[in-house]
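One-based numbering, in listed order, for ligands and for the atoms of each.
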Amino acid sequence: MSENSDEDGSNAAKITINQIVTNGLCIGCGLCESVAGASQIQMVMTPEGRERPITSIPLDMVLNDRIQAVCPGTQIHGLPDHMVDSEAEHDEVWGTTLKIARGYAAEPDVRFRGSTGGVLTALAIYLLESKRVDFVAHVAADENRPMRTEPHLSYTRADVLRAAGSRYGPAAPLKNFMALLDRGRPFAFIGKPCDISAIRNLAKLDPRVDELCKYLLTLVCGGASELTKSWEVLDDFGLTEDELTLFRYRGFGNPGLTRIETEDGRAFELTYNDLWKDESKWRIQSRCKICADAIGDSADIAASDVWPGGGPSGEDAGFNGILARTRRGLDLVQAAVADGALIIDQELTPRHMDHVQPHQVRKKEAVWARLEGLRQAGNLVPQVSGLRIETLKDRLSTEEQQAQMDGIQQRVREGKFGEPTPVRWQK
Ligand SMILES: Cc1cc2nc3c(=O)[nH]c(=O)nc-3n(C[C@H](O)[C@H](O)[C@H](O)COP(=O)(O)OP(=O)(O)OC[C@H]3O[C@@H](n4cnc5c(N)ncnc54)[C@H](O)[C@@H]3O)c2cc1C
Ligand code: SF4
Ligand code: SF4
């Protein structure tokens, strides 16, 4: 399988949206609903706790092709060539960067509320207050069902702060993306790397993306859980979703406690390490296991945790890794520092990033073999380019590559990779 060749690499030539889902390639970003319109495709929460598209009528070929061209389940590509700055450095693992640094939001309250050091929240506020954009599109807790996550538009600092913190369950931030372009106003987008891939894919078909979506900011991503993960947390506390007034996964400290509040005034808390202590209960979605870009290769800026060894040993004041990948991203970081919105306290290197993100290094090295394992099993695989996975696979021995292929094929045989045709869950 060749990373850059559509013919050799992907077997996803003409497929339907249902096949994208049943092959485990959908992450539930919602862009297909936005491209097709809700009368043809609707995102629903399935009984398995995944946000997935269902089609109400058969899609015509042109629309089907358009969705396949933008879907981050079928197309995953690196930073577009025209955005690669001539002064950028290129690392096999960490990709294109103009700057890698450690930093945090200058305002203590933003730093505290943010998932890590509040860098994404600080940049979003800065973009609005410096009038670089009219609004910021991202996600936040659903006001009525706070365990769920909804697309969210921010126009003010208060709006941005309401969206601070990582949401570990399903999220479909692109459900309304075409309507945002229709506004004809400059905006920024914050989302996961797969959301950014979807937007970059769309930019190849719709010139308004590059004109209007001025900044694409992302987080380095270990994977998105199904909502079952959150249901199990509720079960452990003997709670039901309808009695919740707050479900905060993270933030209010670094990493901060997972905090749940109920209508009758009770509060429940879990440490980050308790939330993630049992890997068999992470409920990470299939698409994440073959994610060729969990580090935000194609974003303007990616923000990460920087815990030594990859996990927290307790609470700290909050420090982000910041990877400025494009000239636009670097200019934004530098302006935010100059104007006092952001503090950079250390320059970092790709090898430092390896140390604080060892799981991302392992994943980048393993993805090619996992995709090859899927292809050999007859599953559909995405088209991948510009993400160095074919080169990185050579860091694994032949036996290690085989183990990755065997592992994913076993998941396929056990029915743990593919998904059923999605149906709406009534709740
Ligand atoms: C599912 C998930 C997995 C992650 N895994 C890792 C990891 O393995 N390694 C690592 O270093 N960091 C990981 N993070 C990122 C980390 O938790 C922080 O988000 C990141 O360090 C940025 O911190 P911050 O303080 O700048 O974010 P904040 O200032 O709190 O801003 C967070 C922003 O992200 C947006 N957001 C939150 N959740 C989602 C979501 N589910 N989908 C789309 N947008 C969202 C919010 O709307 C907000 O704008 C993960 C985050 C998520 C959501
Ligand atoms: S990944 Fe996004 S665009 Fe692709 S099928 Fe799923 S929801 Fe639709
Ligand atoms: S691991 Fe990849 S596919 Fe999964 S949520 Fe993160 S960026 Fe998206």
Exercise for review: Quick one: look up the protein heavy atom nearest atom 8 (Fe) of ligand 2 and list residue, atom name and how far away it is.
Suggested key: C32 SG, 2.3 Å
Exercise for review: Report, as yes or no, whether the 6.0 Å neighbourhood of atom CD on Q346 holds more than 12 heavy atoms from other residues, nucleotides or ligands.
Suggested key: yes
**Study point:** cation_pi(R248, F252) dist<6.0 Å, angle<=45
**Key:** yes
Exercise for review: Return yes if a side-chain donor-acceptor contact under 3.5 Å exists between D300 and T326, otherwise no.
Suggested key: yes
Review point. So, are D297 and R388 salt-bridged, with charged N and O less than 4.0 Å apart?
Key: yes
Practice item. Give the protein residues with at least one non-hydrogen atom closer than 4.0 Å to an atom of ligand 1, ordered by chain and number. Key: G114, S115, T116, G117, G118, V119, L120, T121, H138, V139, A163, A164, G165, S166, R167, Y168, A171, I190, G191, K192, D195, L219, V220, C221, G222, G223, R250, A303, S304, D305, N320, Q357, H359, Q360
Check your understanding: Just by distance, with hydrogens left out, do R52 and Q285 show a side-chain donor and acceptor under 3.5 Å apart?
Key -> yes
**Study point:** Within 45° cone of F319 ring axis and under 6.0 Å: R102 NZ or CZ
**Key:** yes
Exercise for review: Cation-pi check, R145 to F247: give yes when NZ or CZ is under 6.0 Å from the six-membered ring centre and within 45° of the ring axis, no otherwise.
Suggested key: no
Review point. So, N320 and Y104: side-chain donor and acceptor under 3.5 Å apart, yes or no?
Key: no
**Study point:** Cation-pi, W276 ring and K229 (6.0 angstrom, 45 degrees)
**Key:** yes
Practice item. Can you pull out the closest protein heavy atom to atom 4 (Fe) of ligand 2? Residue, atom name and distance to 0.1 Å, please. Key: C71 SG, 2.3 Å
Check your understanding: Do the side-chain N and O atoms of T271 and N273 include a donor-acceptor pair separated by under 3.5 angstrom?
Key -> no
Point to revise | Region of M43 engaging ligand 2 - heavy atom pairs below 4.0 Å | key: side chain
Practice item. Ignoring hydrogens and angles, state whether a donor on the side chain of Q75 or H77 is under 3.5 Å from an acceptor on the partner side chain. Key: yes
Exercise for review: Could you see which bit of Q360 sits under 4.0 Å from ligand 3, with heavy atoms only: side chain, backbone, both or neither?
Suggested key: neither
Point to revise | atom 2 (Fe) of ligand 3: protein N, O or S atoms [distance under 2.8 Å] | key: C291 SG
Review point. Between R259 and Y249, is NZ or CZ placed under 6.0 angstrom from the six-membered ring centre and within 45° of the ring axis?
Key: no
**Study point:** For atom 6 (Fe) of ligand 2, closest protein heavy-atom neighbour
**Key:** C26 SG, 2.3 Å
Check your understanding: Would you call E347 and K99 a salt bridge, using N to O less than 4.0 angstrom?
Key -> yes
Exercise for review: Run the numbers for me: atoms of ligand 3, each under 4.0 Å from some heavy atom of K363, listed by number.
Suggested key: 1 (S)
**Study point:** Nearest neighbour in protein (non-hydrogen) for atom 2 (Fe) of ligand 2
**Key:** C29 SG, 2.4 Å
